[in-house]
Amino acid sequence: MLVGNGARPGPERADAGAALRRAFPDRKFVVVSNREPYEHTWDDADIVVQRPAGGLVAALDPLMQAVGGVWIAWGSGDADREVVDERQRVRVPPESPSYTLRRLWLDHQDIQHYYHGYANQFLWPLCHLRPKLTRIRNRYWDRYAAVNRRFAEAVLEEVEGEPAAVWFQAYHLALAPAVGRERRPDIALAHFWHIPFPPLELFRIASNGAELLRGLLANDLLGFHLPLFCDNFLRCVESVLNVPVDWERRAVVQEGHTCFVRALPISIDVEAYEKAASGPDVEARVERLRRRYVAEGGLLGIGVDRIDYSKGLEEKFAALDSMWDTYPEMRERFTYLQVGTPSRTGIKAYDWLRERLEEITHWINDRYGTATWRPIHLLEESLPMHRLAPLYRAADVCIVSSLQDGMNLVAKEFVACQLDNRGVLVLSRFAGAAEELDGALEVNPYDCESFGATIREALLMSEDERIERLNRLRRSLRTIFDWMVEVFDEWGAAAHQHDAPLTAADRWQRTR
Ligand code: F6P
């Protein structure tokens, strides 16, 4: 049960476990992703554990803690090898072990070509509608395929001799499901894509598009955040593979196997954020944060993003500039704190963006700052939940400016932490969260003047309207456990559909 004021009741952790057992009573559960949920790193002579930034691990760790099983991922920490057993496994979370993390090792070439290359310099910009940023190189594709095979091999090892349900995550692993399906047709397979899926006109840029689509169709269930991404995917299947789509069932039959495609919007562990934002210690911290960043009676804005061109950070700073320029009375009154987590360093587009943000910050601070007031604070680090929650609670406004975003969980985290009814959410219409959350002030991040005016409107909003909007936001906020129950219910139905009678589309496909 959610504890927040006005929040809707929702499923809990135990319901997610029950839904999984209902779908797959006797199967071993395996999650596979590129990014690992816990990284062991050296800190001088000590080994410390870190939680990598990003929505995927934040969303799936509570799931694994609830249901147990094995999570297979790249061991990216420099001390990761020190803590695994001879089968490359370690129990996590360290403070209360409840599932197994199986690490897969990537060498320098793997990282360069599979992770920095095909995944993040081809698929990521393609799916975020930035074709000019894509780089097509044979060596990227070759490594992507090879690393996908290795992930599939690790899965096969983990489930050897056992019935299993295997859940792949995100765009790093589009080919692995087909390898798994070929070798173990009995395994239940699902995949959640986590980012947008591009329209056909852009997908045609993918030289290996047919292989990507076939890889994904090997799943019983393929999930995206929004119906639009499902439609984009299915249109690509029709056109690139020339395979008919059963639009009514949103399914594709390929070589006798059916893949169901579903919109399943992800969320956060709302209760965990509410807890992290509660208590006397947090209240004291909230007060300290406000004293540190704003003068008496001042206003505080916050943004929390990976430093990624899809997040619209330059556009956000342009809107802030426009606001302080057009409404001088907001100077010295409103301070903005941007938590920018460095991400994918080594890729030019990311390194360049980071430099550019630092430059813009200096420029804005020089232009409007005074001896006692700094307009923008740019904090280049990754903050854990217990430090983020008080910041969300301290803020008068949270600004999400994505140019393209599958979901954006920061918007949801901010809503969950509004225990004082203080905050207003300013949300880009291009974030998936905007489809679901009711009560935010929506902005077009490309229109910096109206974006700036909306930030001001948020800051000057009456208390009544603020509370009314927050109540709507809370009512529309679903938890991560809603998502899991939906995924497992859909996946169970999809995996067991083999017993169902054939549709006309199935029969047609089988006669080809
Ligand atoms: O799959 C997308 C995603 O995993 C997000 O959930 C997350 O925010 C981001 O990518 C993390 O990126 P990386 O693993 O490259 O650090």
Interatomic distance, L357 atom CG to R354 atom CZ [nearest 0.5 angstrom]: 10.0 Å
Parallel, tilted or perpendicular: ring planes of Y171 versus W124, cut at 30 and 60 degrees: tilted
For W71, the option from T100, L63, V32, L60 that meets side chain to side chain contact (heavy atoms under 4.5 Å, CB included): L60
Partners meeting ring-ring contact (aromatic ring centres under 6.0 Å, His included) with F334 (sequence neighbours left out): W324
Check against salt bridge (Lys or Arg N to Asp or Glu O under 4.0 Å), R393 and E283: CA-CA 9 Å; R393 188 170 162 186; E283 266 165 41; 3.4 Å; yes
Stepwise salt bridge (Lys or Arg N to Asp or Glu O under 4.0 Å) test for E486 and R262: CA-CA 10 Å; E486 260 178 40; R262 294 285 180 270; over 6 Å; no
Heavy-atom donor-acceptor pair, D15 side chain to E12 backbone, under 3.5 Å: yes
Ring-face cation contact, Y327 with R456, 6.0 Å cut, 45° max: yes
Minimum side-chain heavy-atom gap W373-Y368 below 4.5 Å: yes
Intermediate values then yes/no, side chain to side chain donor-acceptor pair (under 3.5 Å), S76 and E39: CA-CA 7 Å; S76 51; E39 240 179 13; 2.6 Å; yes
Verdict with supporting geometry, F233 and F224, ring-ring contact (aromatic ring centres under 6.0 Å, His included): CA-CA 9 Å; F233 174 81; F224 295 98; 5.6 Å; yes
Sidechain-backbone polar pair: R469 side chain, G439 backbone, donor-acceptor under 3.5 Å: yes
Plane angle bin for F29 and W167 - parallel if under 30°, tilted between 30 and 60°, otherwise perpendicular: tilted
Worked verdict on R333 versus E329 for salt bridge (Lys or Arg N to Asp or Glu O under 4.0 Å): CA-CA 7 Å; R333 190 171 170 204; E329 75 278 9; over 6 Å; no
Residue pair K275, E271: steps toward the salt bridge (Lys or Arg N to Asp or Glu O under 4.0 Å) verdict: CA-CA 6 Å; K275 277 199 187 131; E271 202 175 331; 3.8 Å; yes
Modelled atom types, side-chain donor and acceptor of Q338 and K316, under 3.5 Å: yes
Side-chain heavy atoms of L264 within contact of L221, under 4.5 Å: yes
T370 and E332: CA distance, side-chain angles, deciding distance, side chain to side chain donor-acceptor pair (under 3.5 Å) verdict: CA-CA 8 Å; T370 64; E332 300 201 80; 3.2 Å; yes
Minimum side-chain heavy-atom gap V70-V31 below 4.5 Å: no
Nearest-0.5 Å distance that lies between atom CZ in R290 and atom CG in L299: 7.0 Å
Whether over 12 other heavy atoms sit under 6.0 Å from E463 CD: no
F430 and Y446 aromatic ring geometry - parallel, tilted or perpendicular at 30°/60° bounds: perpendicular
Heavy-atom side-chain proximity of M461 to L441 below 4.5 angstrom: yes
Aromatic plane relationship, F122 with Y118 - under 30° parallel, 30 to 60° tilted, over 60° perpendicular: tilted
Test item: side-chain donor near acceptor, S450 and D447, under 3.5 Å: yes
Q418 side chain vs G423 backbone, donor-acceptor pair below 3.5 Å: yes
More than 12 heavy atoms from other groups under 6.0 Å of CD on E465: yes
Side chain S401, main chain G312, donor-acceptor under 3.5 Å: yes
Residue pair D438 / L473, side-chain heavy-atom distance below 4.5 Å: no
Criterion side chain to side chain donor-acceptor pair (under 3.5 Å) on S462 and D464, from CA distance to verdict: CA-CA 5 Å; S462 72; D464 283 353; 5.6 Å; no
D231 side chain near R250 side chain, heavy-atom distance below 4.5 Å: yes
For F192, the option from W483, F229, F197 that meets ring pair (Phe, Tyr, Trp, His ring centres under 6.0 Å): W483
Aromatic ring pairing Y350/Y309, orientation class (parallel under 30°, perpendicular over 60°, tilted between): tilted
Atom CZ of R292 with >12 non-hydrogen neighbours under 6.0 angstrom: no
D61 and R51 ion-paired at < 4.0 Å: yes
Worked check of side chain to side chain donor-acceptor pair (under 3.5 Å) between R103 and H40: CA-CA 11 Å; R103 286 175 167 149; H40 289 84; 2.9 Å; yes
Check: T479 side chain, F481 main-chain N or O, donor-acceptor pair, under 3.5 Å: yes
Between CD1 on residue I360 and CD1 on residue I376, distance to nearest 0.5 Å: 8.5 Å
Point-to-point distance, once rounded to the nearest 0.5 Å, from CG of L123 to CD1 of I195: 7.0 Å
Residues, nucleotides or ligands: over 12 heavy atoms within 6.0 Å of E95 CD: yes
Whether Y115 and W74 hold their rings parallel, tilted or perpendicular, with breakpoints at 30° and 60°: tilted
Minimum side-chain heavy-atom gap I399-I302 below 4.5 Å: no
Ring geometry between F414 and Y392 (parallel below 30°, tilted from 30 to 60°, perpendicular above 60°): perpendicular
Donor-acceptor contact present, side-chain S322 to main-chain G452, <3.5 Å: no
Side chains of D405 and N408, donor plus acceptor under 3.5 Å: yes
Donor + acceptor pair across side chains of Q65, S98 (<3.5 Å): no
Expected output: side-chain S428 to main-chain L403 donor-acceptor under 3.5 Å: no
Test log, rule ring-ring contact (aromatic ring centres under 6.0 Å, His included), inputs Y144 and H113: CA-CA 7 Å; Y144 183 81; H113 303 324; over 10 Å; no
V424 side chain reached by D396 side chain, heavy atoms, under 4.5 Å: no
D308 side-chain N/O to K311 backbone N/O, donor-acceptor pair under 3.5 Å: no
